[in-house]
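Contents: one structure, followed by commentary.
Naming: A, B, ... by sequence-line order, numbering from 1 per chain.
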Protein chains: 2
Amino acid sequence: MAERKTYHHGALRQALIDGAKEILAESGHEQFSLNEVARRAGVSTAAPYRHFTNRDDLLSAVAEEGYQTLAVDLEKATGLVGLGGAYVRFAHEHPGLFVTMFRSRPGGEASAAGEAAFGTLLRAVLAAQESGAIPAYASPELTARSIWATLHGLAVLHLQRPHERYGLGGEPEELATTTLSALLGVKPE
Amino acid sequence: MAERKTYHHGALRQALIDGAKEILAESGHEQFSLNEVARRAGVSTAAPYRHFTNRDDLLSAVAEEGYQTLAVDLEKATGLVGLGGAYVRFAHEHPGLFVTMFRSRPGGEASAAGEAAFGTLLRAVLAAQESGAIPAYASPELTARSIWATLHGLAVLHLQRPHERYGLGGEPEELATTTLSALLGVKPE
DNA sequence: GCTGCTATGTTAGTGCCGTTCACATAACTA
DNA sequence: TAGTTATGTGAACGGCACTAACATAGCAGC
């Protein structure tokens, strides 16, 4: 993708975001290089700075799109367990993107899509509590936050080797189901 | 620490590990630089390669010491909730080190200290299940793994801003207590 | 105590990185 | 059609991880 006819690219901003996702998918967050993104888009290494203030700014835009994709994935899932499976599966299928989304940034901004994703989880928790599928030790909000933490930890640990040692492995959905039922006694409907 | 009388440092390996921890504490994982570590130890930038094969190898040694510290911290805690609080507090007090320990490495090795830490958690879960403090939906092993995931997710999310949005904040111990009781109905003894 | 081996340090260099600056080109607007 | 603004380039900077050739010193066995 290094050839270009016109002097101006036309849609460089999106091309950079897409290229960044590509690199994250291929090589992971730690290997990400802004120069490499520019190379793939067929522009000079200085060009990205016309669209992003720096490397981190591009990664934030990539992360935002990640949150949107995640929100859509969660929306498609049904039930609390299905939603948990979708979360872990997202991390499993887009590990580089997932790490980029949740990398430790000192003063990370809130993401609208991230909020939407949480809202989806909240509704699932509410429904599960009302139907008695899970115990209601605490408010839906607090329970949803706690479950989010569980799913997130599960996803993060799943992206590394360690978890296998305790006999897990398996598909993301199985992981989520097993874990949620161990904590909440919930069963997939 | 840039002065030295003898040509040979004497204890460079440990000095590098300590310096690396210092940098992680000051600037975080993403800012870590091998050259900076060498500078602090008062040696040339090539010297570290006499003790570690590369930057990643040094970070792994640092991580191993981190696992040992974590294992000790968990050992000191009493009760399941106290242990959870200790886990989140460790991440809270050593964020750079924590990120380094759990960074996504393709083929991460198992850590003996990490296994020990899990063993401590497992015993706490066993005791809590036997005393009826938490429900026994699943085996102690599976439950312990699930709680580990929860604590880990909590710690990771706590290191970023996002969690505050849902009204958390507060001290690590409070976070762990609130979360575990929301999921398991467990109360601090 | 000298001699050689090996461990541990240095200096200088490579290539990649993120970032900036001065300048070129093209698209839009008056 | 002319001027302004948006978007690209090329060349440079310092910092990074890492390597190779060489220097020093600690430690054997003689």
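The CZ-P distance, from A:R50 to C:dT20, rounds to 11 Å in whole Å. Protein atom CZ of A:R55 is 9 Å distant from nucleotide atom C1' of C:dC17, rounded to whole Å. We find that CD of A:Q31 is positioned 14 Å from P of C:dC16, with the value rounded to whole Å. Nucleotide D:dT7 holds its P atom 12 Å from the CZ atom of A:F52, rounded to whole Å. The CZ-C1' distance, from A:R39 to C:dC16, rounds to 8 Å in whole Å. When the P atom of D:dA20 is taken as reference, atom CG of B:N54 falls 14 Å away, rounded to whole Å. Counting to the nearest Å, the P atom of D:dA17 and the CG atom of B:L34 are 5 Å from each other. As rounded to whole Å, 5 Å separates atom P of C:dG18 from atom CG of A:N35.
Nearest nucleotide to the side chain of B:H51, out of D:dA20, C:dT8, D:dG8: C:dT8. For A:Y49, the side-chain atoms get nearest to C:dG18 when compared with the rest of D:dT9, C:dG18, C:dT11.
Judged by distance alone, with hydrogens and angles left aside, the side-chain atoms of B:Q129 form a donor-acceptor pair with the main-chain N or O of B:A138 at under 3.5 Å. Under the 3.5 Å distance criterion, the side-chain polar atoms of A:S27 are left unmatched by any main-chain donor or acceptor of A:L24.
A salt bridge is defined here as a Lys NZ or Arg NE, NH1 or NH2 lying under 4.0 Å from an Asp or Glu carboxylate O, and B:E30 with B:R103 fails to meet this definition.
Heavy atoms of A:S33 sit under 4.0 angstrom from primed sugar atoms or phosphate atoms, though from no base atom.
Between A:F98 and A:H152, a ring centre-to-centre spacing shorter than 6.0 Å is recorded.
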